Visitor: 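Here it is, the structure in full.
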Amino acid sequence: NDLYEPAMTLVNILWWLIPAVFLNIFIEHFIWQSLEKRANRSIPRVLKGMISALVYLFAFFAVISFVFGMQITGLLATSGVIAMIIGLAIQLNISNIFSGIALNLESPFHIGDWIRVKDYPEGQFLDMTWRSTRIKTRDNALLCIPNSLAAEAILVNFSTHTSYRLNLYLHIDVEHHPDRVRKVLLDSCYATDAVLSDPAPAVLFPEIKEGIAVYLVACSIADYGQRPSINHQLWLKLWTHLNQAHIYPAVRTQQIQYQRAKALSTNADAVNQPLQLIDIIDIFANFPTNLKQALAQKLHLHNVAANTQIVQQGDEGDSLFIIAEGVVSVSVLNKQQQSIEVARLGTGAFFGEMGLLTGEERTATVTALTRTLLFELSKADLAPFIASNPELSSCISETLMQRQQATESQLDRPLAEHESELDDGFADRMRQKILNFFGVK
């Protein structure tokens with residue numbers, strides 16, 4: 001008898017809980033899974049969780065009322081007040097949750113689709129959380145838009161079809177016959193690899209505006225994510241074909257009178273002049289002007305293609321390079337023999353001065369990143385100047401010592417570690433090293 005009442009209470013509790021468990025299993029297998037198969041989309045977990053919680057909540061109130069015989073009116077009122085307080089506190093999150101549910105059910109976009117929400121940057125849809133819709137923009141930034149805003153905003157999906165229509169407008173002089181222009185523009189479309197032939201590209205002649213013929217080039221591409229690249233390729237083909245056909249785009253012209261401005265402190269073209277380049281290099285700063293002019297005549301111009309190695313770490317070298325145009329990458333090998341980029345040098349920079357002055361091995365590998373114009377000054381070019389003016393070696397060594405001091409002052413280490421390198425004899429030793437390299441006694 002002592003165990004009878006607890007056992008019956010447990011049976012009565014299970015009488016309500018077990019059906020709740022089976023009801024949730026039934027809903028999962030026969031409702032949620034069925035909907036997922038039909039829609040080919042997964043049902044949001046938040047929706048499943050809310051329905052499951054409601055079923056268990058109903059079972060909980062039934063146990064309180066029918067098993068323990070308690071009045072649930074007060075409990076419902078209390079829980080209602082608590083629910084209202086919690087709802088007011090998290091109403092924005094609730095809005096985002098239900099907006100996310102609505103977006104999932106409506107399915108206006110799928111993972112991987114290219115979309116644009118309102119005035120935000122376009123990007124590729126990654127996923128949807130309880131709070132936000134996450135998009136990866138073209139610059140690889142993560143854009144998180146609240147679900148409530150995404151649900152209410154104007155949304156454009158660029159990936160709803162197997163192809164995207166790309167429209168370009170060109171303005172051509174009316175002296176060219178439309179059939180000829182349309183033929184050249186169509187050729188340009190077909191010559192662009194990324195442009196689809198099905199659906200076929202089309203060129204329309206919609207209007208003549210202010211005496212200029214306007215043409216619409218409409219073509220299709222398969223991957224909207226590649227639109228900027230394909231747009232670039234297509235414009236290159238259009239320019240090439242029009243140029244070959246001697247058909248040139250019409251441009252709006254207007255007469256503008258310019259007044260010559262005052263000379264700038266740095267001339268944009270000066271860096272391409274040998275004398276201006278010599279002036280940039282600090283080791284020649286103390287050279288007389290006439291020697292600088294003579295030295296500038298010795299510079300040799302090299303046109304280096306992109307991705308071409310100029311010097312390699314460890315190689316012997318006896319020349320200095322000045323960058324007149326372009327960009328180079330400076331890299332060194334670490335202890336694991338891995339190449340590490342340590343600097344990038346642009347117009348006006350120079351490298352290889354120690355090889356020119358002392359014949360030291362190259363301490364880094366230098367590679368042209370873009371097409372680069374280089375001026376080279378070799379040992380043979382500088383030797384006559386050092387031989388006839390040995391005092392120039394003193395100017396150079398003093399400059400090298402000043403540069404070394406400026407570099408060492410930036411290092412975060414005690415002076416004692418490098419004072420031996422910068423003693424009073426540093427300049428003399430460097431001067432003697434230069435004279436020995438050039439064979440001057």
Side-chain angles (χ1 to χ4, degrees), residues 1-113 115 117 125-136 142-153 155:
N1 293 331
D2 293 338
L3 297 176
Y4 177 76
E5 290 186 4
M8 290 302 300
T9 301
L10 178 61
V11 169
N12 290 330
I13 292 174
L14 294 177
W15 176 263
W16 291 101
L17 292 184
I18 291 177
V21 172
F22 280 103
L23 179 59
N24 278 324
I25 295 175
F26 176 85
I27 294 174
E28 172 66 28
H29 285 79
F30 295 98
I31 297 181
W32 298 141
Q33 292 185 7
S34 177
L35 289 175
E36 287 177 344
K37 289 180 180 179
R38 293 180 182 179
N40 198 24
R41 292 287 307 275
S42 59
I43 300 297
R45 295 177 61 183
V46 59
L47 181 60
K48 293 181 179 180
M50 289 180 63
I51 297 299
S52 178
L54 287 175
V55 171
Y56 286 119
L57 184 62
F58 175 79
F60 170 75
F61 282 125
V63 169
I64 295 296
S65 177
F66 295 104
V67 176
F68 295 100
M70 298 175 59
Q71 295 291 330
I72 63 172
T73 305
L75 184 61
L76 289 174
T78 303
S79 62
V81 172
I82 295 174
M84 183 179 66
I85 294 173
I86 295 175
L88 290 174
I90 61 172
Q91 58 180 341
L92 183 58
N93 286 327
I94 292 176
S95 175
N96 287 325
I97 291 172
F98 280 96
S99 296
I101 294 172
L103 287 171
N104 273 275
L105 293 177
E106 186 180 355
S107 301
F109 44 78
H110 301 79
I111 294 177
D113 285 356
I115 62 175
V117 179
F125 173 61
L126 296 179
D127 59 12
M128 184 178 297
T129 66
W130 293 73
R131 192 191 71 84
S132 63
T133 299
R134 305 200 304 169
I135 299 172
K136 183 177 74 172
L142 180 63
L143 176 63
C144 297
I145 303 175
N147 290 333
S148 57
L149 180 59
E152 297 177 358
L155 186 146

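Predicted, not measured: the structure shown is a model, and the values here were computed from it.
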Visitor: Short question: side chain of D127, backbone of T133 - any donor-acceptor pair under 3.5 Å?
Guide: no
Visitor: Within this structure, what is the CE-CD1 distance for the pair M128 and I135, rounded to the nearest 0.5 Å?
Guide: 9.0 Å
Visitor: Got a second to check how far W16's CH2 is from F58's CZ, nearest 0.5 Å?
Guide: 5.5 Å
Visitor: Is N24 close to S52 at the side-chain level, that is, under 4.5 Å between some pair of heavy atoms?
Guide: yes
Visitor: Check the pair L143, K136 against side chain to side chain contact (heavy atoms under 4.5 Å, CB included), reporting the backbone distance first and the verdict last.
Guide: CA-CA 6 Å; L143 176 63; K136 183 177 74 172; over 6 Å; no
Visitor: Roughly how far, to the nearest 0.5 Å, is CZ of R134 from CG of L126?
Guide: 6.5 Å
Visitor: Do the side chain of D113 and the main chain of F109 share a donor and acceptor less than 3.5 angstrom apart?
Guide: no
Visitor: How long is the straight-line distance from OG1 of T9 back to CH2 of W15, given to the nearest 0.5 Å?
Guide: 15.5 Å
Visitor: Please report the shortest heavy-atom distance between N147 and S132, naming the atom on each side.
Guide: OD1-C, 3.1 Å
Visitor: Output all residues satisfying side-chain contact (heavy atoms from CB on, under 4.5 Å) with I111, sequence neighbours left out; order by chain, then residue number.
Guide: F125
Visitor: State, to 0.1 Å, how close A20 and V55 come at their nearest heavy-atom pair, and which atoms those are.
Guide: O-CG1, 3.7 Å
Visitor: Minimum heavy-atom separation for V117 and A150, please, with both atom names.
Guide: CG1-CA, 4.1 Å
Visitor: Name all residues meeting the ring-ring contact (aromatic ring centres under 6.0 Å, His included) criterion together with Y56; count only those two or more places apart in sequence or in a different chain, and write none if there are none.
Guide: none
